[in-house]
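Written below as structure tokens is the structure these notes are about.
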Amino acid sequence: MPVITNSVLSAHCLLREQGAVDAYRAFNNEQHIPYLRPAFFTKVLYFAGHESAAAHHRPVILDSVVSRALRAAGAVEAGWPDSGWTTAQYGRYVAMVHSL
């Protein structure tokens, strides 16, 4: 349990200090928690990030439902995956949401 707690706390600190994309990178890489995939940890970031002072973009949720809707709307390229998004893909998605 301490590993999970430390990972969540580290990612939350990154979220507050550097923003959603850096926190996503942490959860997706160095602060990865086994079986905790982007569909879940983007929800964690979303609810934890409503007061992030450093983030110029609030975290947004990305899961398979959102991914399919983005493809159907032509908002992302045809090869956009249903899961396992890279940090760069999440960053583009966050920027796109906040540009609307």
Side-chain angles (χ1 to χ4, degrees):
M1 189 68 125
V3 171
I4 292 172
T5 302
N6 290 340
S7 293
V8 171
L9 288 174
S10 295
H12 187 256
C13 286
L14 276 173
L15 174 61
R16 282 193 336 248
E17 296 169 8
Q18 298 176 2
V21 176
D22 287 316
Y24 182 96
R25 179 180 294 109
F27 267 136
N28 214 26
N29 296 291
E30 63 270 7
Q31 299 301 328
H32 177 72
I33 299 169
Y35 309 109
L36 185 65
R37 306 287 298 157
F40 179 78
F41 67 71
T42 59
K43 291 171 178 81
V44 171
L45 294 174
Y46 175 80
F47 289 105
H50 69 282
E51 293 181 7
S52 178
H56 58 281
H57 294 314
R58 180 180 173 158
V60 290
I61 294 171
L62 182 56
D63 59 18
S64 61
V65 174
V66 172
S67 184
R68 284 191 298 272
L70 290 170
R71 275 198 318 275
V76 294
E77 63 271 10
W80 183 268
D82 275 343
S83 64
W85 306 274
T86 66
T87 301
Q89 287 170 320
Y90 183 72
R92 287 195 309 270
Y93 167 59
V94 169
M96 177 183 59
V97 166
H98 289 285
S99 71
L100 300 175

Quick one: closest heavy-atom pair of [X] and [Y], and the distance?
X: Ala11; Y: Ala23; result: O-CB, 3.5 Å
X: Trp80; Y: Tyr93; result: CH2-CB, 4.3 Å
X: Phe27; Y: Leu36; result: CE2-CD2, 4.1 Å
X: Ala26; Y: Leu14; result: CB-CD1, 3.4 Å
X: Tyr90; Y: Leu62; result: CD1-CD2, 4.1 Å
X: Val60; Y: Val97; result: CG1-CG1, 3.8 Å

Subject >> Pairwise distance CZ(Arg68) to CG(Leu70) - rounded to 0.5 angstrom >> reply: 11.0 Å
Contact between [X] and [Y] at the side-chain level, heavy atoms closer than 4.5 Å - yes or no?
X: Ile33; Y: Phe41; answer: no
X: Pro38; Y: Asn28; answer: yes
X: Asn29; Y: Thr87; answer: yes
X: Gln18; Y: Leu15; answer: no

**OP:** Would you confirm whether Ser99, through its side chain, and Met96, through its main-chain N or O, come within 3.5 Å as a donor-acceptor pair?
**Re:** yes
**OP:** Enumerate the residue pairs fulfilling salt bridge (charged side-chain N to carboxylate O under 4.0 Å, His left out) with a member in residues 79-97, sequence neighbours excluded, ordered by first and then second residue.
**Re:** Arg71-Asp82, Glu77-Arg92
Original post:
For residues 35-49, which residue pairs qualify under salt bridge (charged side-chain N to carboxylate O under 4.0 Å, His left out), counting only residues two or more places apart or in two chains?
Top reply: Lys43-Asp63
Subject >> Trp85-Val65 co-clustered via ILVMFWY side chain contacts under 4.5 Å >> reply: no
